[in-house]
Amino acid sequence: MTTTSKTLRTPADLCARGLVPPERQPELDAVAASYAVALPEPLAQLIDPNDPHDPIARQFIPDPVELEHQAGESADPIGDDAWSPVDGIVHRYPDRVLFKLTHICAVYCRFCFRREMVGPGKAVALSSEALQRALDYIRAHSEVWEVIVTGGDPLVLSLRRLRSVMKMLAEIEHVKVVRIHTRLPVADPMRVTPALVRSIKMKTKPTYVAVHVNHPRELTAPARAACARLADSGIPLLAQTVLLAGVNDTPDIMSALMRALVECRIKPYYLHHADLAPGTGHLRTSITTGQELLRSIRGRLSGLCQPTYVLDIPGGHGKSPIGASYIERAGSNGSAHYIVKDFSGRRHRYPPSAL
Ligand code: SF4
């Protein structure tokens, strides 16, 4: 099995591949000097260079507006640093930690909330000493029930390193679940080999994999096969999607994506409101847009296809669901009741008026 695709790593590569006109290279070079570029061939193939609004290009081809930073944007938009007791660990919620193994990804997304930390030039992986300190932290905190292995993209690490980390996590008695966050199954599906799948599967505890997918076109036949290799091995799959202007902010695209995920045995988990990462304003929608989108897919799609729309509150205050509410209190004292909206927006009293 061929396992690694060619990757375009510079604006010159993007021009040579015909994805960007050569006259635009200097302005893209200026962006690439600040924010990493990598586009594996399986994703490059999905781009229509003749479409100025191509939703795949919008996610991965640098854009000069990335150098225009807006008020409120921050290098650490979700406040990881405030909750990092040792390198590689973010301990924001009592029962779980983020375990950031690497700053490298197979593809660099233009909206990445960790864009100031990921990319070449950053440490490829935690040093052996930092890794041990991070594991010691998890061992010492018996309240940690779940470890979320993230990065960067942890699945770009060597199989030897992945096997060894998973083994050490499996040996920590109070850790009951390990969840891996990755974009590899869509970015470079052939790298999700049977050997990689074996390296992340633990014998006695569940490994969950959360796959980052933003557009139905990303779920190509090879990407679906990669997800099937994970699912067939018994690894439950979740999806994380970032709501992005001009990529997936219409009911038709979001519906197609959520259905395609479920057809691939991937349960839509979070729809993230795009974070306030520097230079990403052109890709953010309003929260109202997100709520209307969610309301529209609630009316037309199976419950299996419904993600939770969440905002990571800037400053490190964690995630909160921000989908529209379907219920409100009404009346008072003896006549107190609720008004509940159905999927088509009609309002109903609960409990119903006395019969
Ligand atoms: S794969 Fe994830 S961590 Fe890597 S650039 Fe994309 S959003 Fe950021």
Side-chain angles (χ1 to χ4, degrees), residues 4-5 7-10 14 31-32 34-44 46-47 55-63 66 73-81 84 88 90 98-126 148-157 179-189 191-192 196 209-215 218-219 223 226-227 237-245 247-248 257 266 269-280 282-284 310 312 319:
T4 306
S5 303
T7 294
L8 309 170
R9 297 194 178 277
T10 63
L14 298 173
V31 180
S34 295
Y35 300 117
V37 174
L39 180 61
E41 188 55 30
L43 285 174
L46 300 180
I47 293 174
I56 308 300
R58 258 179 98 66
Q59 294 184 70
F60 306 119
I61 304 279
D63 188 318
E66 291 174 47
E73 291 181 342
S74 154
D76 181 20
I78 69 168
D80 279 355
D81 290 349
S84 182
V90 177
L98 295 184
F99 191 7
K100 297 198 272 189
L101 287 183
T102 177
H103 296 291
I104 298 296
C105 301
V107 63
Y108 291 107
C109 311
R110 308 324 300 166
F111 50 85
C112 177
F113 67 122
R114 296 204 176 109
R115 62 188 331 214
E116 301 278 353
M117 295 104 178
V118 298
K122 316 290 189 302
V124 173
L126 281 183
I148 301 164
V149 179
T150 180
D153 193 324
L155 294 193
V156 304
L157 291 173
R179 185 189 344 155
I180 297 176
H181 284 195
T182 180
R183 200 138 168 55
L184 198 66
V186 295
D188 204 350
R191 287 176 73 174
V192 183
L196 182 146
V209 169
V211 189
H212 175 171
V213 192
N214 295 333
H215 192 278
E218 294 169 34
L219 288 167
C227 293
L237 299 178
L238 306 167
Q240 300 205 94
T241 296
V242 182
L243 176 58
L244 295 168
V247 174
N248 55 20
L257 173 60
I266 308 172
Y269 178 42
Y270 281 145
L271 175 66
H272 295 273
H273 190 73
D275 294 310
L276 290 162
T280 60
H282 59 299
L283 291 166
R284 268 194 306 280
V310 290
D312 255 296
K319 278 183 193 56

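All ligand and atom numbering here is 1-based and tracks the order in the structure. Quick note: residue numbers are just sequence positions, from 1.
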* Among Val209, Val107, Val211, Asp153, whose side chain to side chain contact (heavy atoms under 4.5 Å, CB included) with Leu184 holds? ->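 Considering Val209, Val107, Val211, Asp153, a side chain to side chain contact (heavy atoms under 4.5 Å, CB included) with Leu184 is found only for Asp153.
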
* Within reach of ligand 1, part of Val242 (heavy-atom separation under 4.0 Å) ->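 Within the 4.0 Å criterion, Val242 makes no contact with ligand 1.
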
Heavy atoms, side chains only, cut-off 4.5 Å: are [X] and [Y] in contact?
{"X": "Tyr270", "Y": "Lys319", "value": "yes"}
{"X": "Leu283", "Y": "Val242", "value": "no"}
{"X": "Phe111", "Y": "Asn214", "value": "yes"}

* Would you kindly say whether His181 and Gln240 are connected by a side-chain donor-acceptor distance under 3.5 Å? =>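 Note: His181 and Gln240 side chains meet the donor-acceptor criterion.
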
* Which atom pair, heavy atoms only, marks the closest approach of Glu218 to His212? ->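 It is OE1-O, 4.2 Å.
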
* Near atom 8 (Fe) of ligand 1 (under 2.8 Å) - protein N, O or S atoms ->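 Listed by chain and number: Cys112 SG.
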
* Qualifying residues under side-chain hydrogen bond (donor to acceptor under 3.5 Å, both in side chains), relative to Asp275, sequence neighbours excluded ->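 By the side-chain hydrogen bond (donor to acceptor under 3.5 Å, both in side chains) rule, Asp275 matches no residue at all.
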
* For atom 2 (Fe) of ligand 1, find the nearest protein heavy atom and state the residue, atom name and distance (0.1 Å precision). =>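 Residue, atom and distance for the closest contact: His212 ND1, 4.1 Å.
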
